[in-house]
Amino acid sequence: MALNNIYYVDMKQRFIDYQKEIPIDLLSECISEGNVNLAFRKLSESSGKYSLGADGTNIDTINDANLNTLDLCEIVRERIINKIVNPVRRTYISKENGSKRPLGIGSIWDKLTQMCIKLVLEPIFENQFVPSSYGFREQVSTHNALAKVKFFTNGTAKHHFIVNIDLKDYFGTLDPKIMRRELYAGGIKDKYILNYIFRLIRCGYIEEDMFYHTDTGAPQGSILGPLLSNIYLHRTDIWVREQYENWHDKSVKKFHNVDNKGQNFKKTNLKRGVHVRYADDMLILCPSLEHAKRWYHALARKLEIGLKLTVNHEKSSIIDISKGETFRYLGYEFYYSKKHRTSSQQLDKKRMAKIVSEAKRRLRELRKYPKLQNVLNWNAFVRGTHNYFKGMTNFSISFSKIHWRINRLFRHVMKCIAKFTDTKKSEEEKHNNAQRKWIDMQGYKTWGRNGWWVIARTPVLELGWANWDKTLIGHLRQKVNRTNPYDYGEKAHKPGVSLNEIAYLVNTSNYIGSYSMRYRNYRVSLYSSLHGVGYLTGEKVDVANYHCHHVLPKSKGGSDAFNNLVILTADEHRILHSKNYIQLLSLCKQSKKYIKRANFLIEQVHGVMICNK
DNA sequence: CAGAGTCCCAA
RNA sequence: AUAUUGGGACUCUG
């Protein structure tokens, strides 16, 4: 495992280490080679890697700068120690209610630095966060939070009074001093890290070439933002849970008696209520109105005075679902079904309208451009929407309503550009079986349907094809396995490449000359993913003998992209680039496949075709 | 099985 | 050009 640290830091092990002891010196953890490598890879995978910061930098700035990992370590160290944070570039995205939400896009250097810090702070706090905080956490999703809400509002648990606290501009009102206090309380003693984050909150932003100062708030869009927002409310989470869910744990020792918890609870002055938080969306589910009122006032007071946040009292409320009131949470609308004597969920009107208008927009585009890509986009839209909402009890009803609202347009568009496959006509049955199988595989049953529409040999999924998935927010989902969030289960052991070999490649990758960071990483990934098997022989190439070759040379416009790289031996590489490149054919394995490959490489490098007949 | 890409949803 | 975190689905290459 130690060797693995040279390449990427092992988060699973780090989580275990920090469980025992949090290091005082977190700076060295942040700027270790394995940590910086992992941080860079995460940035390379992020969808916004090409968006420009206020200083005009993005991921390509690093790739074009001819830097290696050690250079990046030094840059990160400089920025943390000297508290260097560029102002963020401000843009806006429109929200559902029509208003705009400001985004702050940092420079690539800030992104890298923050990712390095995040990879260290996150496992520390993952050891402490409460299980009822569901937002922004590894291996936890909105459905886990919804499962808990469903469980406690349903017939047997009877927590029908919902305290719903809405915070105004939560990210924007984070206070730097309180942030520092909460970090320290969580065990962060490194003054460099504390000071850097203090500075980050006050970094300011640039809009239309003007600089604006900020006193509070983590930029929305910064890498540390989501984690910091969880840390800020962490001790409040604990306070809430000690009142009821964990009341006998520490806070009220004299009543500690697990056998008759309910009776002893009455002797205390504690409030009953179950805690569910997703980022700034807080709920407390209470069994009685009296407790709900006490919760509302106590919690609002704590947030406003203790944490200097702004509670939006117009939007915050106490809801009694047994009296027919509804509430929306994470896209689901909860209501109480008297018929079934349990809480149920459905799509609210606004969201239904949004899905309808989005569907119409996509259908019109599909009619205009009936390309394969647009069909795939439509199917992805249908599947994505279904996958999110299919846990609602009223899923089928809600989506058949949507279906009827778009049906006219849908049928019209399909008649223009698609062909209907009728399952009752048996002539083409063989040909249709593959499509039928595919649709069934997606979880959409074809059994009992008249048929389906086909564009470019691809079946078109329909919004009305909806099957409720009762396990998605079932009671088993509310509790999340927190033994180790970075443990994704046993991966099948891949024989062929040892950690020693990886370590060797990583070490040399810092000294192979002027190449991009992307190339340095891909060079290792390529060898690892192909088990070191050479392109021209099909046999394993020794690491010391491994050369990573650009198929289309960079001088001819070839890139460092993964699919432009192949594994060669040092000899093969030398001969390929020399004048005697014909000899390459004798070096490769003399089968049709490898001869073809050798010819291909020569053609790409030298621009000549060789006839080997 | 692993690498890189596309798309969807929530906050 | 529109970020971040988390979840989900699919495609390609060997």
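Protein chains get the first letters and strands the later ones, always in sequence-line order, with residue 1 at the start of each.
- Rounded to an integer number of Å, the gap from A/Lys42 NZ to B/dG3 C1' is 16 Å.
- Rounded to an integer number of Å, the gap from CG of A/Leu526 to C1' of B/dG3 is 9 Å.
- Residues from residues 106-121 of chain A lying near RNA chain C, meaning a heavy-atom separation below 4.0 Å, are A/Lys111, A/Met115, A/Lys118 in numerical order.
- One can place CD1 of A/Ile223 at 7 Å from P of C/U4, the figure rounded to the nearest angstrom.
- Backbone-only contact: A/Gly48 has heavy atoms under 4.0 Å from sugar-phosphate atoms and none from a base.
- Between A/Lys540 and A/Glu501 there is a salt bridge, since at least one side-chain N of the basic residue sits less than 4.0 Å from a carboxylate O of the acidic one.
- Checked against salt bridge (charged side-chain N to carboxylate O under 4.0 Å, His left out), A/Arg79 has the following partners two or more places apart in sequence or in another chain: A/Asp110.
- Taking only side-chain nitrogens and oxygens, A/Arg89 comes nearer than 4.0 Å to OP1 or OP2 of C/U2.
- Considering only residues two or more places apart in sequence or on other chains, A/Lys593 meets the salt bridge (charged side-chain N to carboxylate O under 4.0 Å, His left out) condition with none of them.
- Partner of A/His386 under the ring pair (Phe, Tyr, Trp, His ring centres under 6.0 Å) criterion, chosen from A/Phe395, A/Trp468, A/Phe381: A/Phe395.
- With rounding to whole Å, A/Leu200 atom CG is found 15 Å from C/U4 atom P.
- Atoms OH (A/Tyr527) and P (B/dA2) sit 18 Å apart, rounded to a whole Å.
- Phosphate contact (OP1/OP2 of C/U4, side-chain N/O of A/Ser47, threshold under 4.0 Å): present.
- Residues meeting the ring-ring contact (aromatic ring centres under 6.0 Å, His included) test with A/Phe151, sequence neighbours left out: none.
- More than 12 non-hydrogen atoms from other residues, nucleotides or ligands lie less than 6.0 angstrom from CZ of A/Phe211.
- For the side-chain contact (heavy atoms from CB on, under 4.5 Å) test, residues two or more places apart in sequence or in another chain that qualify with A/Ala456 are A/Leu372.
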Can you check each nucleotide of nucleotides 4-11 of chain B against protein heavy atoms at under 4.0 Å and return B for base, S for sugar-phosphate only, - for none, in 5' to 3' order? SS-SSSBB
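- Following rounding to the nearest Å, A/Leu146 (CG) and C/G7 (P) show an atom-to-atom distance of 16 Å.
- Taking 4.0 angstrom as the limit, A/Ser141 places none of its side-chain polar atoms (N or O) nearer than this to OP1 or OP2 of C/G8.
- With sequence neighbours left out, the ring-ring contact (aromatic ring centres under 6.0 Å, His included) criterion links A/His234 to A/Phe129.
- Every residue meeting the side-chain contact (heavy atoms from CB on, under 4.5 Å) condition with A/His547, not counting sequence neighbours, appears here in chain and number order: A/Ala570, A/His573.
- Remark: P of C/C10 and CG of A/Asn387 are 9 Å apart, rounded to the nearest angstrom.
- Distances shorter than 4.0 Å separate some side-chain N or O of A/Thr91 from OP1 or OP2 on C/U2.
- Residues passing the side-chain contact (heavy atoms from CB on, under 4.5 Å) test with A/Pro131 are A/Arg241, sequence neighbours excluded.
- Here A/Tyr329 pairs with nothing under the ring-ring contact (aromatic ring centres under 6.0 Å, His included) rule; sequence neighbours left out.
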Atom pairs under 3.5 Å, N or O on each side, protein against nucleotides 12-14 of chain C: can you list them with distances?
none

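- Checking A/Tyr134 against A/Gln220, the closest nucleotide of RNA chain C that is more toward the 5' end is the one next to A/Gln220.
- Between the P atom of C/G6 and the OH atom of A/Tyr486 lies a distance of 9 Å, rounded to the nearest Å.
- In terms of the salt bridge (charged side-chain N to carboxylate O under 4.0 Å, His left out) criterion, residue partners of A/Arg351 (sequence neighbours excluded) are, by chain and number, A/Glu96, A/Asp348.
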